[in-house]
Asks: 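Please see the structure below; I have some questions.
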Amino acid sequence: MQRIGVFVCWCGSNIAATVDVKAVAEALGKEPGVVYFEDYQYMCSEEGQNKIKAAIRDYKLTGAVVCSCSPRMHENTFRKAAAAAGINSFMVEIANIREQCSWIHKDMQSATEKAIILGRAAIAKVHLNAPLTAGESPVTKRALVIGGGIAGIQTALDIADAGFEVDIVEKKPTIGGKMSQIDKTFPTLDCAACILTPKMVDVAQNEKIRIFSFSEVDSVKGFVGNFNVSIRRKARYVDEVKCTGCGLCTEKCPQKKVPNEFNLGLDQRRAIYIPFAQAVPKVATIDPDYCTMLKTGKCGVCSKVCAVGAIDYKQKDTIVEEQYGAIVVATGYNPIELTKYDEFAYSQSPDVITSMEFERITNAAGPTGGVLLRPSDGEHPHKIVFVQCVGSREDGGGCGKTYCSKICCMYTAKHAMLTREKYPDTEVYVFYIDVRTPGKNFDEFYRRAVEEYGVHYIKGMVGKVSPENGKLMVRASDLIEGKQLTIDADLVVLAAAIEPDKSARPLATMLTASMDTNDFFTEAHPKLRPVESPTAGIFLSGCCQGPKDIPETVAQASACAAKVIGLLAKDSLTCNACVAHSEEMLCNGCSSCEKVCPYGAITYQEKEFRMPDRTTKMRRVASVNPAVCQGCGACTVACPSGAMDLHGFSNRQIMAEVDAICK
């Protein structure tokens, strides 16, 4: 018979304001096996932990139930306290009477009743608990960074500077991400390329960093400290080792009419190309959708002019297998598609553009050499309208996003300011819902646009944009003046909402990582663990976790790197003690558990069994590797014969909790 102690925490007023903690402690003190009960204001404090330790020693407790907050917060705290007092840490159970009780109830009577039920279930489980011992597994001292934008670059550099090897996987032919397409950065208006390019060069020259450009993660197996990753290196039909990046092939290629994705389709490139001048790696890539040689077998001009023989039309995709101790997700963002926003005439007029397209037009390396020209006729626009929150902050019924994209207010102020500075004869109007400037010096930056540069900020919504006689008729409301406006604009710029990259969701499935309803990766805790995924060993960097500007992205990237370094610095990790095991006499070798195991922890082996008639027979049975198993429990659900069970969460324990709740 277990000797159980019950400890009920007030959590200040978080629990005590809704739950009668003394009544809970007294009710649970009457449960079979409970020999001690106590309530205290802050059980997680040092004094609270000392009370638990003293009770374990004085009353010779063999198990403990702590009624407090979520086990995600303080389970380790209470388990360490119990272990310090001399009992196995897995003899401690947490009854979550905060998140699952006090925070969701307003009536004290019903909340108190529920808290007693939750505590009763935890006590029933402790009766069946058994001491568990966690093993250890080695750590592979190499990190994988998925995404080569500024977030991935900064994370990789910080990890490499700590002495650990890092691989960057970037799906495009070059690293750099969205920042490589930007002209100036707010609020300092310094050159984006001047900041980014040195970091790209540092990555290329760092002996600890390998770049897998034009590559994608194909599969991920394993667990924290020991991930097995398959990387698909897509055929670029150019030997990266031989190519010198001279660019002669890109000049001589006869296929000139290929939409240039780096300039967002605003100009054209050749079938063989280098995305931009500072590309890293600076290696040419052949586009198989437009290459005449790959499509018809006729041409070969690039091969003829290449002095080093780098062109290889027979190149195929290759798979690289690597092991990593930690994985960083830095998949970035994309602006949403605006084809559904017909009221702004984006699909009707080339003079209605997105903010990112405006960036490329005003960039010195862009399609117009940095000269602000209308896409339709190449003329200079004299009246520009910027429309804020296109697709952001919409209700659930719209085709946009319910969240604020965070960066739009500031980059629109930047665009307006730069336009007025370079072209003082241009009138600039900004239609906004609210101006949000939460960062350092951001509000001052916005005020400069209004007060120094004379940008017309109008609080109101644009209802419709109509192309008429070479003009864009912008019909909008001015909520401050209480009137309707019509502006005959030459150019309309839409601040499109941003969303996670399309690769995020399939990648999350591979990593068994959590996502929210908007496909942003979910952090382990929004305040205390903002750069860690709930899945151990998976870390988050940049806009994959939510909208961010460049300073915030870089800060999170370095924080993410610090967490990765802390993991890789360890020689081994304590394994999860709550792992699956197979009852071999019940196992029928059907492979159901093996198929659902996301970690590859289950294998099968032939074993000899003595039958009732005293004969022996070879049978195929499941075997679980405890170093690999993470205790997710998927196998126990899938097993049709009930042979798979989980230490610490056995079927008997779960059913005992259910019975305690229902009695």
Side-chain angles (χ1 to χ4, degrees), residues 176-186 189-194 196 256-269 273 275-279 333-339 341 344-388 390 407-431 449 453 455 462 465 467 470-472 474 487-498 550:
K178 291 290 185 298
M179 191 174 173
S180 64
Q181 296 175 287
I182 294 173
D183 185 31
K184 299 288 192 298
T185 61
F186 59 78
L189 295 181
D190 47 357
C191 170
C194 301
L196 178 66
K256 304 177 183 179
K257 297 184 178 181
V258 182
N260 187 350
E261 58 272 11
F262 186 75
N263 283 332
L264 306 177
L266 294 170
D267 65 351
Q268 296 175 328
R269 59 166 172 80
Y273 65 101
F276 58 99
Q278 303 97 331
Y333 73 93
N334 280 310
I336 65 169
E337 290 290 333
L338 296 180
T339 52
Y341 291 86
F344 299 123
Y346 179 73
S347 57
Q348 302 170 34
S349 172
D351 294 332
V352 181
I353 61 175
T354 66
S355 297
M356 186 58 82
E357 289 169 341
F358 188 85
E359 285 280 357
R360 294 312 302 156
I361 290 174
T362 56
N363 194 304
T368 61
V371 180
L372 181 57
L373 301 174
R374 294 203 311 178
S376 63
D377 54 15
E379 295 294 325
H380 168 59
H382 292 281
K383 194 177 291 184
I384 303 176
V385 171
F386 291 88
V387 184
Q388 291 287 79
V390 179
I407 59 176
C408 317
C409 288
M410 288 301 296
Y411 69 58
T412 295
K414 175 191 74 173
H415 290 160
M417 198 181 298
L418 292 174
T419 300
R420 288 284 294 163
E421 182 177 46
K422 194 171 182 180
Y423 305 100
D425 62 328
T426 302
E427 289 185 71
V428 177
Y429 298 84
V430 177
F431 285 91
Y453 289 88
V455 177
V462 173
V465 177
K471 292 283 187 177
L472 295 168
V474 180
I487 300 173
D488 55 337
D490 298 311
L491 189 69
V492 172
V493 184
L494 307 178
I498 65 173
I550 293 170

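Since we're looking at a predicted model, the values are computed, not measured.
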Asks: For residues 490-497, please give each side-chain donor-acceptor pair under 3.5 Å, one per line with the distance, not counting sequence neighbours.
Replies:
residue	atom	partner	partner atom	Å
Asp490	OD1	Lys471	NZ	2.7
Asp490	OD2	His382	N	2.8
Asp490	OD2	Lys383	N	3.0

Asks: Checking Ile384 against Tyr423 for the side chain to side chain contact (heavy atoms under 4.5 Å, CB included) test, could you report, in this order, the C-alpha distance in whole Å, the side-chain angles of both residues, the deciding distance, and whether it holds?
Replies: CA-CA 11 Å; Ile384 303 176; Tyr423 305 100; over 6 Å; no
Asks: To the nearest 0.5 Å, tell me how far Ile498 CD1 sits from Ile407 CD1.
Replies: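 Between atom CD1 of Ile498 and atom CD1 of Ile407 there are 4.0 Å.
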Asks: Enter the distance from Cys191:SG to Asn363:CG here, rounded to the nearest 0.5 Å.
Replies: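 Rounded to the nearest 0.5 Å, the SG-CG separation comes out at 8.0 Å.
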Asks: Using 0.5 Å steps for rounding, measure from the CD1 atom of Ile550 to the OH atom of Tyr411.
Replies: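 The CD1 atom of Ile550 sits 12.5 Å away from the OH atom of Tyr411.
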Asks: Considering non-hydrogen atoms only, spot the tightest contact between Gly176 and Leu196 and give its length.
Replies: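 Answer, listing the atom of Gly176 first, then Leu196: O-CD2, 3.6 Å.
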Asks: Could you report the tightest heavy-atom contact between Val385 and Ala489, atom names first, then the distance?
Replies: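 Taking every non-hydrogen atom into account, CG2-CB, 3.8 Å.
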Asks: Drop me the distance from Thr185's OG1 to Asp190's CG, to the nearest 0.5 angstrom.
Replies: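 Interatomic distance, Thr185 OG1 to Asp190 CG, rounded to 0.5 Å: 3.5 Å.
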Asks: Is it the case that the side chain of Asp351 and the backbone of Arg374 share a donor-acceptor pair, with hydrogens and angles ignored and the cut-off at 3.5 Å?
Replies: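 Judged by distance alone, no pair lies under 3.5 Å.
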Asks: Kindly check if the number of other-residue, nucleotide or ligand heavy atoms within 6.0 Å of CD (Glu337) is above 12?
Replies: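 Open: at most 12 neighbouring heavy atoms sit under 6.0 Å from CD of Glu337.
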Asks: Where do Tyr453 and Val428 land on the side chain to side chain contact (heavy atoms under 4.5 Å, CB included) test, with the steps shown first?
Replies: CA-CA 10 Å; Tyr453 289 88; Val428 177; over 6 Å; no
Asks: Find the distance between CG (Leu189) and CE (Met417) and round it off to the nearest 0.5 Å.
Replies: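 Atom-to-atom, Leu189:CG and Met417:CE are 6.0 Å apart.
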Asks: With ring centroids as reference points, do Tyr273 and Phe262 lie under 6.0 angstrom apart?
Replies: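 No - the distance between ring centres of Tyr273 and Phe262 does not fall below the 6.0 Å cut-off.
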Asks: Which heavy atom of Val371 sits nearest to which heavy atom of Thr368, and what is that distance?
Replies: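 For Val371 and Thr368, the tightest heavy-atom pair comes out as O-OG1, 2.6 Å.
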Asks: I need the minimum non-hydrogen distance between Tyr346 and Val352, along with the two atoms involved.
Replies: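 Closest approach of Tyr346 to Val352, heavy atoms only: CD1-O, 3.3 Å.
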Asks: Scan residues 355-373 for pairs that pass salt bridge (charged side-chain N to carboxylate O under 4.0 Å, His left out), counting only residues two or more places apart or in two chains.
Replies: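 Qualifying pairs, neighbours excluded: Glu359-Lys414.
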Asks: Working note: Leu264 + Met356, criterion side chain to side chain contact (heavy atoms under 4.5 Å, CB included); need CA distance, chi angles, decisive distance, verdict.
Replies: CA-CA 8 Å; Leu264 306 177; Met356 186 58 82; 3.3 Å; yes
Asks: Can you confirm whether the side chains of Thr426 and His380 place a donor and an acceptor under 3.5 Å from each other?
Replies: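 Distance-only check passes for Thr426 and His380.
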Asks: Measuring from Ile361:CD1 to Asp183:CG, what's the distance to the nearest 0.5 Å?
Replies: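 So the CD1 of Ile361 and the CG of Asp183 are separated by 12.0 Å.
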Asks: Can you name the closest pair of heavy atoms from Ser349 and Leu472 and give their distance?
Replies: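 Here Ser349 and Leu472 meet closest at OG-CD2, 3.6 Å.
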Asks: I need the minimum non-hydrogen distance between Phe344 and Val465, along with the two atoms involved.
Replies: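 Closest pair (atom of Phe344, atom of Val465, distance): O-CB, 3.6 Å.
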Asks: Going through the distances and angles, do Asn263 and Gln181 end up as a side chain to side chain contact (heavy atoms under 4.5 Å, CB included)?
Replies: CA-CA 8 Å; Asn263 283 332; Gln181 296 175 287; over 6 Å; no
